[in-house]
Amino acid sequence: MARPSDHVDGARLWRRLMDLSRFGARPDGGVDRQTLTPAEIAARADLVALGRSLGLEPFTDAAANLFLRLPGRRPDLPPVMAGSHIDSQPTGGRFDGAFGVLAALEAVEAIRAAGLVPERPIEVVAFTNEEGSRFAPGMTGSDLFTGARAMAEVAAIRDAEGIAQGEALAAVLAADRDVPQRPFQRPVAAFVEPHIEQGPVLERDGVPIGVVTGIQGTRRYRVRVTGAAAHAGTAERHERRDALMAAVRMVAAIDRAASDPSDTKLTVGLFEVTPNAPSVVPAEVLFSIDLRHPDNAVVDRLDAAIRAIVEGERGPCAASLRQIQHNPSLTFSPVIRGAIAAAAGGLGLTHRDILSAAGHDARQLHDVCPTGMIFVPCRDGISHNPAEWAEPDDLAAGARVLADVLWQLANGDGPGADASGDPGIPR
Ligand code: HGY
Ligand code: MN
Ligand code: MN
């Protein structure tokens, strides 16, 4: 039997990646295609048209997640899904998320080109708002799809302009050209997310395929420090309620606390000062905290430390800490990891286990079905940066592995299948 991977066309995949990067293109070669913006709406319409041209049926849902469905012999069976996201950071690269969606499309097109019809349907998916740069937190599309969050909570989240996510979603869904909507929480047989590593390990080791073992744990917060505006020249320092000085004390203390263990990832990426005027004592500061570590005990210990520091360093100001996301470390399904390793081996591709330091929608899908990820190298591990780059051959190799994995999962044969031929995923 022809292998789907034999029909993966790396040049076509590369061309489509470059085409998609036109939407929200930045002059420096990166992309700014933030969620639910006109750039993403246009990219979404392009994907729908491409899917239809390949005989795939487009669907969406109230979260504007986009699905392109390849029918199977058994339409009643839960689909195997593959994909990622098409939204980007404001200074994003051309491959984060986009590679996963287009590799899934390439894998499905290869299965069709091989003249094969899978037993289960296969659905290519682009989840909404993975990045969380416009509407925080991220991954709300996959949260809503899996039931991890309710629509009322997500719809109320506002961006920096004060636009509610619910309004932005309504605008995107209104722009859909007769793309039918489906309910959330539909059964899924398995989910596989291809992604660039966004780290240096695979490139450093010269290994083209990463079999992702899991995702490190994270807690994300917003801290609001409230003081009082005052004249920079007349207000006595001992009488000031300076929100900036309190926030700086907090960030410095949190940075020290997070230095142990040394592999803790702590980022304060957003820091807003109000009124942000040189001769006014800052009245308010809002800052973000993004805390990550593979060991949940470390994340939980630092959670307590951060809360104590915010309270302890506020001085005469008021301070509030809001945890906006908590995702413990997870380990992916051995069935999916086995299928990825076997497919890579079958293609003669060296591969290695690797933990994902970045977050992905696969985290949410892991809670509802057997889930795994395929990593490919990216140059110098750079990501969330316009200089993000991946080699066409590595991207094609990832798509070839995905094509064979999807074929196996959609038919219950090959490695990981039990005596009944079922690959260990629900019927
Ligand atoms: O932040 C993350 O880990 C993801 O890339 N949005
Ligand atoms: Mn991503
Ligand atoms: Mn990202």
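Just follow the structure's listing: the first ligand is 1, and inside any ligand the first atom is 1. Just so you know, residue 1 is the first one in the sequence shown, and it goes up from there.
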>> For a quick test of reading the model, state the closest non-hydrogen atom pair linking A43 to L20 and the distance between them.
In response: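 Of all heavy-atom pairs spanning A43 and L20, the closest is CB-CD1, 3.9 Å.
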> What are the two closest non-hydrogen atoms of A396 and V8, and how far apart are they?
Replying inline: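 So the two residues come closest at O-CG1, 4.1 Å.
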> Do other residues, nucleotides or ligands put more than 12 heavy atoms under 6.0 Å from the CG atom of D367?
Replying inline: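 Yes, enclosed.
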> When the aromatic ring centroids of F95 and W14 are compared, is their separation below 6.0 Å?
Replying inline: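 Yes, the ring centres sit under 6.0 Å apart.
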> Do F191 and F332 have ring centres separated by under 6.0 Å?
Replying inline: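 No, they do not, as the ring centres are separated by 6.0 Å or more.
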>> So, taking the atom named CD in E106 and the one named CZ in R16, what distance separates them when rounded to the nearest 0.5 Å?
In response: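 The CD atom of E106 sits 6.0 Å away from the CZ atom of R16.
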> Can we say R44 and D176 salt-bridge, meaning some charged N sits less than 4.0 Å from an Asp/Glu carboxylate O?
Replying inline: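 Looking at D176 together with R44, the answer is yes, because their closest N to O distance falls below 4.0 Å.
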> What protein N/O/S atoms sit under 2.8 Å from the Mn ion (ligand 3), by chain and number?
Replying inline: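 Within the sphere that stays under 2.8 Å of the Mn ion (ligand 3), the protein atoms of type N, O or S are D96 OD2, E131 OE1, E131 OE2, H384 NE2.
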> Would you say the side-chain atoms of D32 and Q34 include a donor-acceptor pair closer than 3.5 Å?
Replying inline: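 Checked: D32/Q34 side chains pair up, N/O donor to acceptor below 3.5 Å.
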> What's the verdict on salt bridge (Lys or Arg N to Asp or Glu O under 4.0 Å) for E388 and R94, showing C-alpha distance, side-chain angles and the deciding distance?
Replying inline: CA-CA 7 Å; E388 182 184 276; R94 287 174 280 186; over 6 Å; no
Report each N/O pair between ligand 1 and the protein that falls under 3.5 Å, naming both atoms.
| unit_1 | atom_1 | unit_2 | atom_2 | d |
| --- | --- | --- | --- | --- |
| ligand 1 | 1 (O) | R292 | NH2 | 2.8 |
| ligand 1 | 3 (O) | R292 | NH1 | 2.7 |
| ligand 1 | 3 (O) | R292 | NH2 | 3.3 |
| ligand 1 | 3 (O) | G359 | N | 2.7 |
| ligand 1 | 5 (O) | H384 | NE2 | 3.2 |
| ligand 1 | 6 (N) | E130 | OE1 | 3.2 |
| ligand 1 | 6 (N) | E130 | OE2 | 3.2 |
| ligand 1 | 6 (N) | E131 | OE1 | 2.9 |

